[in-house]
Q: 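Sharing a structure with you now.
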There are 2 protein chains.
Amino acid sequence: MSDLPYQSAHDRVYRGLRQQVMHGELAPGHALTLRGIGKSFGVSMTPAREAVRRLTAEGALSMSASGRVTTPELNRDRIEELASIRALLEPELASRALRRAHLALIDRMEVINETNARAVYRQEPIEYIRTNLEFHRTLYLRAQSPAMLGLLETVWLQLGPTMRALYTRLRRTTAPPHHRMILEALRAGDDAALRLALRMDVTQGLRHLQG
Amino acid sequence: MSDLPYQSAHDRVYRGLRQQVMHGELAPGHALTLRGIGKSFGVSMTPAREAVRRLTAEGALSMSASGRVTTPELNRDRIEELASIRALLEPELASRALRRAHLALIDRMEVINETNARAVYRQEPIEYIRTNLEFHRTLYLRAQSPAMLGLLETVWLQLGPTMRALYTRLRRTTAPPHHRMILEALRAGDDAALRLALRMDVTQGLRHLQG
DNA sequence: CATGCTTGAGTGTGATCACAAATTCCTCAC
DNA sequence: GTGAGGAATTTGTGATCACACTCAAGCATG
């Protein structure tokens, strides 16, 4: 008997799709079908439909009036709104994590940040997005605020395909400059500096997008 | 042919359940069954299941390991966290709505507030919750920030059953005191006062809960 | 050559069913 | 009266199916 946590078919499909969307593996506007999803996960339409409904509710996918499922194509206003939500939630989460952030955590974030920098150098957008989110999530998990982190993750989900499009478009060659600021503020225990660093980190990536 | 907006079976069930939860029509811990939901909405299990999955993802319902569906029973920590999320989002939404809040809007809010006060006087918790949320939503709709309002509504959803329990328990007899402050700040165009009024309004209801 | 229509494949929706797991309820022993 | 054990009912899960609708290609018509 296996000790692996059992997960239902619906859950496997949900998690799989969710990761693909959040990590930017799917371009904006990418079309999906229930039968196709079912086939690729080895399940019938029923669990595929449930996973899609759930992801649609979270804004990770969008449905046309006829029920066709695609990855969302966000307009400029929506992107800016989502960015400002990040700018609201992430400094708060970081601040809550600050008092609990001991050295081992900061070291782990440092390692993740190096992997992230490597992904930038190698021009691997998916890996870049993945490690960038992991850098942030590692910190926020310490905030002990599951509801707030949950909300933030749905924001990340909605931005997934757009981030992929942005990062493949502008082919950046330098690592996120504010990660160092975040790490230093954490080491110094400086709440104000930490909040500022996060607001800047969150805002800067989306600053040079054209309408 | 009818011009009424067609809504799928899944959508009718989702909206119906969502309203019941958000307005506090269901006590915390209330159990639901897919077949029961289906019967009460006149549909089969399939759309009922999709609606439940979606509401579960939004935190409006919780599922046991065996798949049993109940209304969530929040502990004190979770309630406080959700309240602090409200305290973060609602002043921001109000502030964004401020510049667009013309007199007709404030008058509408005034009317809603009177209905709300009547519900307090008559000791009708569901009607109280409903009109209270309507008061806030009427304002926030003017913020033109659909994503942020969407996040906030999932927070309201999660708090629905708890609010019902709180308001039936403490049988309040006075209308929410800060609604007047909100209206006055709107009339004065005073951003700082508006933000403060909202933070207080959001926090006060949940202040005297015992662990 | 352009335009409108038809046809066909493809797609989402909702109902139903078989099955396994869980829960409930009753019975019986102590 | 009380608790344990087992049977019967209830419940969620996932597969399958019929159906209606959508969309695009191809044809015929102007």
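Per chain, numbering begins at 1; letters A, B, ... match sequence-line order.
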Q: Of the residues in residues 32-49 of chain A, which ones touch DNA chain D at a heavy-atom distance under 4.0 Å?
A: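 Per residue number, the list reads Val43(A), Ser44(A), Thr46(A), Pro47(A).
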
Q: Tell me, which pairs form a salt bridge (Lys or Arg N to Asp or Glu O under 4.0 Å) where one or both residues lie in residues 140-156 of chain A, sequence neighbours left out?
A: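 Checked against salt bridge (Lys or Arg N to Asp or Glu O under 4.0 Å) - neighbours excluded - the pairs reaching residues 140-156 of chain A are Arg18(A)-Glu153(A), Arg137(A)-Glu153(A).
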
Q: Are more than 12 heavy atoms, taken from residues, nucleotides or ligands other than Arg100(B), located less than 6.0 Å from that residue's CZ atom?
A: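 Yes - once you tally the heavy atoms of other residues, nucleotides and ligands closer than 6.0 Å, there are more than 12.
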
Q: Test your reading of the model: is there a side-chain donor-acceptor pair from Thr115(A) to the backbone of Val111(A), 3.5 Å cut-off?
A: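 A pair under 3.5 Å: yes.
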
Q: Hey, does the side chain of Ser145(A) reach the backbone of Ala143(A) with a donor-acceptor pair shorter than 3.5 angstrom?
A: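 Here the side-chain-to-backbone pair exists.
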
Q: Would you mind checking if Glu80(A) and Arg76(A) are paired as a salt bridge, meaning a charged N to carboxylate O distance below 4.0 Å?
A: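 A salt bridge links Arg76(A) with Glu80(A).
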
Q: Let's see if you get this right: which residues in residues 61-69 of chain B place a heavy atom under 4.0 Å from DNA chain C?
A: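 The stretch gives Ser66(B), Arg68(B) as the residues lying under 4.0 Å from the strand, ordered by number.
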
Q: Assess the side chains of Glu90(A) and His136(A): does a donor N or O sit below 3.5 Å from an acceptor N or O?
A: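 Their side chains do contain a donor-acceptor pair, which is all the 3.5 Å distance test asks for.
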
Q: Rounding to a whole Å, what distance do you find between His10(B):NE2 and dA15(C):P?
A: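 From His10(B) NE2 to dA15(C) P: 13 Å.
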
Q: Whether the Gln7(A) and Tyr14(A) side chains hold a donor-acceptor pair (N or O, under 3.5 Å, no angle test) is what I'd like checked.
A: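 Their side chains do not contain a donor-acceptor pair, so the 3.5 Å distance test is not met.
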
Q: Before accepting this row, confirm whether a basic side-chain N of the pair Arg195(B)/Glu92(B) lies closer than 4.0 Å to the acidic partner's carboxylate O.
A: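 Answer for the salt bridge query: yes.
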
Q: Distance check needed: dG12(D) C1' versus Asp11(A) CG, whole Å only.
A: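 Going from Asp11(A) (CG) to dG12(D) (C1'), I get 14 Å.
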
